[in-house]
There are 2 protein chains.
Amino acid sequence: MVQEAMVELRSQGYKVTRSRRLVMEVLDKVDKPLSPYDIQRLLQQQGESLNHVTIYRTLDLLCRLNLAHHMLLTGGFIRCALSHQGGCHRFMVCRGCGSIREFIDDALCHEESGITRDLGFHTEHHYSESLGLCPDCYRKRLEKDSTYN
Amino acid sequence: MVQEAMVELRSQGYKVTRSRRLVMEVLDKVDKPLSPYDIQRLLQQQGESLNHVTIYRTLDLLCRLNLAHHMLLTGGFIRCALSHQGGCHRFMVCRGCGSIREFIDDALCHEESGITRDLGFHTEHHYSESLGLCPDCYRKRLEKDSTYN
DNA sequence: CAACTAAATGCAACAATGTTGCATTTAGTT
DNA sequence: AACTAAATGCAACATTGTTGCATTTAGTTG
Ligand SMILES: [Mn+2]
Ligand SMILES: [Mn+2]
Ligand SMILES: [Zn+2]
Ligand SMILES: [Zn+2]
């Protein structure tokens, strides 16, 4: 919810402003990675105008507070879905609908750290994106395939 | 080696050109992620001039052939170090010196796929970057720390 | 509630990065 | 040496990202 993010902002000493609420609302609603200019365009369409500089600065802040994430394979920003303890970020990215789901798995981090340690590397945290199909898109794909069989 | 990459180019029906050799040479030499314009600047410094459009097109091609990779946390391009069977890409990124080392681990992929499958997701391949310290930087860090103790 | 102030925003100007169409050049072939 | 598809360069353009500074505003204080 946007509400909780605003509480987090305030508790960290940042002001709750129109810009910050609007950006969070768009990210919440869309649930796909959005670039700063994407966000500006979407807001425009709903009659709200925000300077792109403000959007950049807002996204910077949201990411610093782990209220949003910068997706790397796809390049946009999404709403953070988990409460963050460690610094490891893992995502499933659906190549069908573009939706993204965040997850955490300590055992996996542990295994990955072990592998890199064996190669002499001292890992502090991980970033990973798994590319594939979400349940919906997988089902649709199966249906479509069976149509032609 | 650049030589092998050129052989690969030719065997795939692409021409071996000055641009392609130069871009590969820079990537080989530097071993850190370089942006297209980084590459242009480095070449400039050694008296070689390449149009930035050509560099973009060259990097596109090298990536399509898995002769280079586009790094996501850091944003630049690096030389591919492994022969690619599957589509999974994993890297260790040193936050000390910026160097990058590529690795592959089937067991890890298997585990990660299992975790996402339990969440209803059908994973096709993975991309991950482990952030930490390479052996050299880790050693240096230890030495520096002991200086002040 | 009115005054106050540090923080946030907007604006303008700029810098960097990335894309497209088309004329020219060139690698590899005949 | 001639040929040709592929690659390059160039120009023009589009998009994305950054900085300094004047103005506005959220949250606080009296
Ligand atoms: Mn998160
Ligand atoms: Mn590789
Ligand atoms: Zn989907
Ligand atoms: Zn290092």
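Lettering of chains follows the sequences in order, A, B, ..., and the numbering in each one begins at 1.
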Ring pair (Phe, Tyr, Trp, His ring centres under 6.0 Å) involving His126(B) - partner list, sequence neighbours excluded:
none
Give the residues of residues 53-73 of chain A touching DNA chain D, defined as any heavy atom closer than 4.0 Å, sorted by residue number.
Val53(A), Tyr56(A), Arg57(A)
Residues in ring pair (Phe, Tyr, Trp, His ring centres under 6.0 Å) with Tyr127(A), at least two apart?
Phe91(A)
In whole angstrom, what separates Leu9(A)'s CG from dA7(C)'s P?
15 Å
Side chains of Arg10(B) and Met6(B), heavy atoms from C-beta outward: is any pair under 4.5 Å?
no
Phe77(B): which residues meet the ring pair (Phe, Tyr, Trp, His ring centres under 6.0 Å) condition with it, sequence neighbours left out?
His70(B)
Using the test side chain to side chain contact (heavy atoms under 4.5 Å, CB included), find all partners of Cys137(B) that sit at least two apart in sequence or belong to another chain.
Cys94(B), Cys97(B), Leu133(B), Cys134(B)
Suppose clustering is done on Ile, Leu, Val, Met, Phe, Trp and Tyr with side-chain heavy atoms closer than 4.5 Å. Which residues sit in the same group as Ile104(A)?
Leu82(A)
Ring geometry between His69(B) and His89(B) (parallel below 30°, tilted from 30 to 60°, perpendicular above 60°)
perpendicular
Asn51(A) CG to dG20(D) C1', straight-line distance once rounded to whole Å:
14 Å
Within residues 21-46 of chain B, those residues having any heavy atom closer than 4.0 Å to DNA chain D are none
Just jot down the ring pair (Phe, Tyr, Trp, His ring centres under 6.0 Å) partners of Phe121(A), sequence neighbours excluded, or say none.
none
Please say whether more than 12 non-hydrogen atoms of neighbouring residues, nucleotides or ligands are located less than 6.0 Å from CG in Asp118(A).
yes
Please set out all donor-acceptor pairs under 3.5 angstrom arising from side-chain atoms of residues 37-50 of chain B, sequence neighbours excluded.
{"unit_1": "Asp38(B)", "atom_1": "OD1", "unit_2": "Ser35(B)", "atom_2": "OG", "d": "3.4"}
{"unit_1": "Asp38(B)", "atom_1": "OD1", "unit_2": "Arg41(B)", "atom_2": "NH2", "d": "3.2"}
{"unit_1": "Asp38(B)", "atom_1": "OD2", "unit_2": "Ser35(B)", "atom_2": "N", "d": "2.9"}
{"unit_1": "Asp38(B)", "atom_1": "OD2", "unit_2": "Ser35(B)", "atom_2": "OG", "d": "3.2"}
{"unit_1": "Gln40(B)", "atom_1": "NE2", "unit_2": "Leu50(B)", "atom_2": "O", "d": "2.8"}
{"unit_1": "Glu48(B)", "atom_1": "OE1", "unit_2": "Arg18(B)", "atom_2": "NH1", "d": "2.7"}

What string of B, S and - do you get for nucleotides 24-30 of chain D, 5' to 3', when a contact is any protein heavy atom under 4.0 Å?
-BBS---
Reading DNA chain D from 5' onward, which residue's closest nucleotide shows up sooner: Ser49(B) or His52(B)?
Ser49(B)
What would the secondary structure line of DNA chain C be in dot-bracket form, counting Watson-Crick and G-U wobble pairs under 3.5 Å, with [ ] for pairs that cross earlier ones and | for pairs with another strand?
||||||||||||||||||||||||||||||
Side chains of Glu112(B) and Thr123(B): donor-acceptor distance under 3.5 Å anywhere?
no
Using atom types as modelled, flag every donor-acceptor pair under 3.5 Å from a side chain in residues 51-64 of chain B to any protein atom, sequence neighbours excluded.
{"unit_1": "Asn51(B)", "atom_1": "OD1", "unit_2": "Val53(B)", "atom_2": "N", "d": "2.8"}
{"unit_1": "Thr58(B)", "atom_1": "OG1", "unit_2": "Thr54(B)", "atom_2": "O", "d": "2.8"}

Side chain to side chain, Leu22(B) and Thr17(B), heavy atoms closer than 4.5 Å
no
